[in-house]
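Step one of this worksheet: look at the structure below.
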Amino acid sequence: MAENIKTLDERIDAIYKMAKEHFGEVRFVGIKKHTKIGWIAKIQFDEFESLVSEGKDAEDALKKLKKRVKKIIERYNMV
């Protein structure tokens with residue numbers, strides 16, 4: 001019964017820490033509800049383009065953003 005349910009804050013913190021460890025400076029990680037698109041998760045860097053993902057709810061958008069960041073880190077580590 002004691003499932004490990006993560007809050008949105010914990011998800012945002014995890015994405016922030018992962019990106020900061022790998023990319024250095026992170027300006028912003030957050031979510032917002034767009035009237036036409038739905039939930040959007042965004043990470044903004046100082047020296048790179050920002051990354052954005054959409055989801056059916058805030059949790060889904062954050063999960064997709066984390067997956068994108070992980071893929072980029074994996075590709076970078078392969079080179």
Side-chain angles (χ1 to χ4, degrees):
M1 186 175 158
E3 291 182 42
N4 187 12
I5 298 173
K6 295 179 186 171
T7 65
L8 296 178
D9 285 343
E10 290 171 335
R11 291 184 187 281
I12 290 170
D13 284 342
I15 293 168
Y16 181 86
K17 287 175 188 169
M18 181 191 326
K20 187 158 178 79
E21 284 176 18
H22 188 76
F23 300 108
E25 200 55 44
V26 176
R27 186 178 296 165
F28 167 85
V29 178
I31 52 174
K32 70 176 184 176
K33 179 138 173 117
H34 191 280
T35 51
K36 293 180 181 174
I37 300 171
W39 284 96
I40 299 173
K42 182 177 185 178
I43 183 166
Q44 196 170 16
F45 301 100
D46 278 342
E47 300 179 18
F48 308 111
E49 295 278 323
S50 57
L51 296 174
V52 178
S53 64
E54 302 167 14
K56 64 183 184 298
D57 57 26
E59 185 178 317
D60 185 44
L62 286 169
K63 284 181 179 180
K64 288 179 180 177
L65 181 62
K66 185 174 183 179
K67 197 172 182 180
R68 278 189 78 185
V69 172
K70 276 185 172 180
K71 277 186 176 178
I72 291 168
I73 290 171
E74 285 172 12
R75 284 189 200 135
Y76 180 83
N77 288 335
M78 285 196 298
V79 175

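None of these values were measured; they are calculated from a predicted model.
Counting heavy atoms from C-beta outward, V29 and D13 have side chains that stay 4.5 Å or more apart. A heavy-atom distance below 4.5 Å is found between the side chains of Y76 and H22.
Between D60 and K64 there is a salt bridge, with a side-chain nitrogen of the basic residue lying less than 4.0 Å from a carboxylate oxygen of the acidic one. Under a 4.0 Å N-O distance rule, the pair E59/K63 qualifies as a salt bridge.
Under a hydrophobic clustering in which Ile, Leu, Val, Met, Phe, Trp and Tyr are joined whenever their side-chain heavy atoms come within less than 4.5 Å, directly or via other members, L8 and V69 fall into the same cluster. The same ILVMFWY cluster, assembled from side-chain heavy atoms under 4.5 Å apart, contains both V52 and I37. Cluster annotation: Y16 and L51 are assigned to the same hydrophobic cluster (Ile/Leu/Val/Met/Phe/Trp/Tyr, side-chain heavy-atom contacts under 4.5 Å, transitive).
In this structure, M18 CE and I43 CD1 are separated by 8.5 Å, a value rounded to the nearest 0.5 Å. Between the CD1 atom in I15 and the NZ atom in K66 there is a gap of 7.0 Å [rounded to 0.5 Å]. In this structure, CD1 in I73 is found 12.5 Å from CE in M78, a value given to the nearest 0.5 Å. With values rounded to the nearest 0.5 angstrom, N77 atom CG is found 12.0 Å from I72 atom CD1. The distance from the CZ atom of F23 to the CZ atom of F45 is 5.0 Å, given to the nearest 0.5 Å. Summarising the geometry, atom CG belonging to L62 is positioned 12.0 Å from atom CD belonging to E10; distances are rounded to the nearest 0.5 Å.
For the salt bridge (charged side-chain N to carboxylate O under 4.0 Å, His left out) condition, the pairs that include at least one residue of residues 23-42, sequence neighbours left out, are K20-E25, R27-D46.
Under the 3.5 Å distance criterion, the side-chain polar atoms of S53 are matched with a main-chain donor or acceptor of L65.
Between A61 and A41, the shortest heavy-atom contact is O-CB, 3.5 Å.
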